[in-house]
Amino acid sequence: MASRRKWTSFAVAMLVLAWLAYVPQFYGQSELVPWSEALYFSIAALGLNLLTGYNGQISIGHGAFFGVGAYTTAILMEHNAWQFLPTLPIVIAVALVVGAAFGFPALRLKGLYLALITLGIAALFPDLVNRFASKYGTAGTSLIQPPRVLAPEWASGFAEADDQYRYYMLLVVGVVMLILAANLVRGRFGRALVAVRDHEAAASTLGVNIARVKVGAFAISAAYAAVAGSLSVLVNGSANAGKIEVFRQSILFLVAVVIGGTATVAGPVIGAYVVVFGQDFAKDIFDDKPELAPAVFGVLLVVLMYVLPDGIVGGWRRLIARRSRSDGLPPLPSASPAH
Amino acid sequence: MTLFLQQLMNGIGNGVVYASVALALVLIYRTTGILNFAQGEMALFSTYITWKLTDAGLGIIAAIAVSTLIAFVFGAIIERVLIRPVEHASPFVILIVTIGMFLAISSITVTIFGDDEKQLPSAFSERAWSVADVSVTLEFVGLVVVLAAECLLLWLLLQRTKLGLGLRAVASNPESARLVGISSGTMLMFGWAIAAALGAIGGAVYVPTTPALTAGSMQAVLVYALAAATLGGFDSPLGAVVGGLIVGVAEALAIQYVEPLHDITLVVPFILIGAVLLFKPTGLFGRRIVERV
C-alpha cells in the first residue's frame with residue numbers, strides 16, 4: 001500500500017515536471033512570465049516551510065532575505081561583471097550568514113513576538129537598501145538593472161528565445177532545491193526540526209542541540225529565499241525593494257506555505273502556483289477595475305482557509321484517507337482530520 | 001532645550017496614536033488570541049467614512065462619532081462572519097484570514113473612495129499656546145486627552161462593569177467562562193467591535209496631523225503600533241500605551257539628534273524591541289506564559 005502510494009506520487013511528480021518542462025514551448029513570451037514567477041516563488045516558499053512548517057518559527061520577513069539575494073546578484077553582475085550562475089554560491093553564503101545573524105536573537109522569541117520582529121525586518125529592509133545600495137542603482141535610486149542573461153548557442157535546440165532559456169535555468173535550480181529540501185526533512189536534521197517544533201524539552205533530552213537546529217533552520221530558509229530573489233533578477237531583469245513589495249512578498253510567501261500545506265514537501269510549491277496564478281485570475285475577473293484584484297485574492301484566501309484549513313495537500317490527504325477507509329482498510333493513524 | 005522639548009512633544013503626539021492602535025491590537029489579542037493584521041486597514045476604512053461624512057457637510061466631531069459607531073458595528077460583523085468560523089483553527093489559518101482581510105479591505109477602500117489624496121479637517125482648532133518658548137498646540141493637548149479618555153473608559157469598562165468582567169473571564173479561560181453562563185461568542189464580538197471603534201478614533205485624530213489621507217495612511221502606523229505592542233508586552237493594555245509613547249518619543253528624538261539614522265528612523269523601534277526582548281522576551285509588561293511539561 002505504502003509503496004504503491006510512493007510510486008503514484010513519483011509518477012505524478014514526473015508528469016508535473018514534464019509539463020513544466022514543456023511550458024515554454026507551449027506559451028508565448030508574456031504568458032511565460034507568471035510561470036517563471038511561480039518557479040522562484042516556489043523556492044522561497046520551500047525555504048520558509050522548513051522554518052515555519054517543520055520548525056514552527058513563523059516569519060513574515062522573508063521578503064528581506066529575498067531582497068538580499070536579488071541585490072547580491074544584481075550588484076555582482078552590474079558592477080563586477082559576473083556571470084549569473086557564479087553569483088549563486090555567493091548569494092547562498094551571504095544569506096546563510098545574514099539568516100544566522102537573525103536566527104540568534106530569534107532563539108529568545110516565540111510565536112507572535114518572533115513573527116512581529118521578522119515583520120520589522122521586512123519593514124526595515126527597503127529603507128536600508130535605499131540608504132546603502134542606491135550608489136549602485138540607476139540615477140541614485142535603489143533600482144539596479146544588470147545585463148540580461150541571454151540564451152547561448154548550445155541551447156538553441158530547446159530554447160531559441162532568451163526567456164525560454166532563463167525559464168529552464170529556473171526550473172533546474174528549482175528542482176535541485178526541491179530535492180535538497182525533501183532530503184533534508186527526511187533526514188536527521190529534518191527530524192530534529194520537527195522534534196524541536198513539537199516539544200523543545202523532549203527534543204533536548206534526546207540530545208538535539210536546540211539552538212543549533214533553530215539557527216540552522218533560519219539560515220537555510222534565508223538561503224532559499226535569497227536564491228529565489230537572485231532568480232527573480234533573472235526573470236524581471238532588475239532588483240528593486242519598494243516598501244510595499246517587500247512587505248507583500250513576505251506575506252505571500254507565508255500564504256503560499258499555509259494554503260499549500262505546512263510541513264509537507266509538495267505543499268509550498270503548490271501554494272506558490274496558487275498564489276501567483278490566483279493573483280492573475282483575480283486581475284482578470286474585474287478587467288476594468290484593477291484595484292479590486294487584491295480584494296478578490298483576499299476573499300479567495302479566506303474561502304480557501306474555510307474549506308481547507310490544513311492546506312491543499314492536507315485536504316488531499318484527508319480525501320485519500322477517507323477513500324481508503326471506505327475500501328475496507330483500517331484508517332491510518334494520521335487519517336483523522338485535525339480538529 | 002526648546003528644540004528638545006518641541007521634539008519630545010512631537011514624539012508624544014505620534015506616540016499617542018501608535019498607542020491607541022496598539023491598544024486595539026492588544027484588546028483583540030487579549031480576548032481572542034488573534035493578532036489582527038487588518039486592524040490598520042479597518043481604521044483606514046473608518047477614517048475614509050469620517051472624511052466622507054465631513055465632505056457631505058457634517059461637523060468633524062459628529063462625523064467621528066458616527067464613523068466610530070459604524071466601525072463598532074462593522075467590527076462585530078467581521079468577528080461574527082469572518083473570524084467565528086476559524087476561531088478554533090490553527091494560528092496559521094487565522095493569520096492568513098486576517099491577511100486576506102487586510103488585502104480585501106485596503107483594495108475595497110481604494111475602489112470606493114478612489115486613490116487621490118483627501119484632506120480631513122482636524123477635530124481641534126489651530127490654537128496654540130507658548131509655554132516657556134515651546135509652542136503647545138491644541139491638537140497636541142487634544143491627542144493626549146483623547147488617549148487618556150480612551151484608557152480611562154476602557155479601564156472602567158473592563159474593571160467596573162459586568163460586560164468587562166465577562167470579557168476578562170473569556171480572555172482568561174473561555175471554557176470556565178462558558179460554564180458559568182457567559183456567552184463567549186458575544187464577548188468576542190464585543191472585543192472586536194470595541195477594537196474597531198478605537199481604530200476609528202485613532203485614525204480620525206491621526207490623519208489630520210499628516211499631509212493627507214491616502215490609501216497608505218495607516219500602514220506605517222500599523223508597523224509602529226505592532227512595535228509598540230511588542231515592546232510593551234502583547235497581553236498588556238498598559239504596555240501598549242507605554243510602548244506607543246516610547247516608540248513615538250524615541251523616533252522623534254532620533255530624527256533630531258542621530259544624523260546617521262536620517263531616512264531610516266524605522267530602525268529605532270526595532271532596535272528598542274530587540275534590546276528589550278533580549279532581556280524580557282514577553283515585553284516590558286507582558287506576563288510570562290508558564291508551560292506545564
Side-chain angles (χ1 to χ4, degrees), chain A residues 52-53 58 60 105 107-117 119-124 126-128 130-132 199-202 243-244 247-248 251-252 254-255 257-259 262 282 286 289-306 308-311 338-339, chain B residues 29 33 35 37-38 82 85-86 88-111 114-115 215-216 219-220 222-224 226-227 229-230 233-234 260 262-267 269-271 273-274 277-283 286 289 291 293:
Chain A
T52 300
I58 300 181
I60 324 177
L107 284 175
R108 294 278 287 162
L109 305 172
K110 276 199 188 112
L112 189 60
Y113 289 92
L114 179 62
L116 289 175
I117 290 295
L119 176 71
I121 305 176
L124 263 180
D127 288 345
L128 291 176
N130 267 325
R131 188 63 173 281
F132 298 109
H199 207 304
E200 274 191 24
K243 262 197 154 17
I244 314 256
F247 181 57
R248 270 185 70 90
I251 289 183
L252 290 179
L254 188 65
V255 168
V257 171
V258 177
I259 61 180
T262 48
F286 294 106
K289 277 207 184 306
E291 66 270 23
L292 259 184
V296 176
F297 184 65
V299 172
L300 190 77
L301 286 185
V302 173
V303 171
L304 256 176
M305 285 294 92
Y306 286 172
L308 298 167
D310 42 1
H339 38 82
Chain B
Y29 183 73
L35 171 64
F37 254 98
L82 291 172
V86 290
H88 299 291
S90 83
F92 283 132
V93 171
I94 300 172
L95 189 68
I96 300 294
V97 169
T98 66
I99 288 175
M101 277 161 51
F102 171 91
L103 294 171
I105 295 177
S106 81
S107 105
I108 289 169
T109 308
V110 173
T111 311
D115 57 358
Q219 278 175 8
L222 179 69
V223 172
Y224 281 112
L226 287 169
T230 314
F234 230 90
H262 185 63
D263 287 346
I264 48 173
T265 47
L266 207 53
V267 172
F270 286 99
I271 290 177
I273 294 177
L277 292 188
L278 278 180
F279 296 101
K280 250 189 134 271
T282 48
I289 297 165
E291 239 177 305
V293 190

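Numbered from 1 within each chain, the chains take letters A, B, ... in sequence-line order.
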Check: Can you say whether the rings of A:F247 and B:F37 are parallel (under 30°), tilted (30 to 60°) or perpendicular (over 60°)?
Finding: tilted
Item checked: Atom pair CG/CD1 of B:L35 and A:I58 - distance to nearest 0.5 Å -> 9.5 Å
Item checked: Pairs of heavy atoms under 4.5 Å with chain B: top-ranked of A:G298, A:P294, A:G311 -> A:P294
Margin query: At a heavy-atom distance under 4.5 Å, which candidate from B:S107, B:A104, B:G100 has the highest pair count against chain A?
Written below: B:S107
Checklist line | Partner chain B: residue of A:L254, A:L304, A:V258 with the largest heavy-atom pair count (under 4.5 Å) | finding: A:V258
Item checked: Contact class of A:T52 relative to chain B, heavy atoms under 4.5 angstrom -> both
Item checked: Partners passing side-chain contact (heavy atoms from CB on, under 4.5 Å) against A:V255 (at least two apart in sequence or in another chain) -> A:I251, A:I259, A:V275, A:L301, B:I96, B:I99
Item checked: chain A contact via B:V223 - which portion, at a heavy-atom distance below 4.5 Å -> side chain
Check: Do you know which of B:T98, B:V97, B:L103 has the most heavy-atom pairs under 4.5 Å to chain A?
Finding: B:L103
Item checked: Toward chain A, the part of B:I105 with a non-hydrogen atom under 4.5 Å -> neither
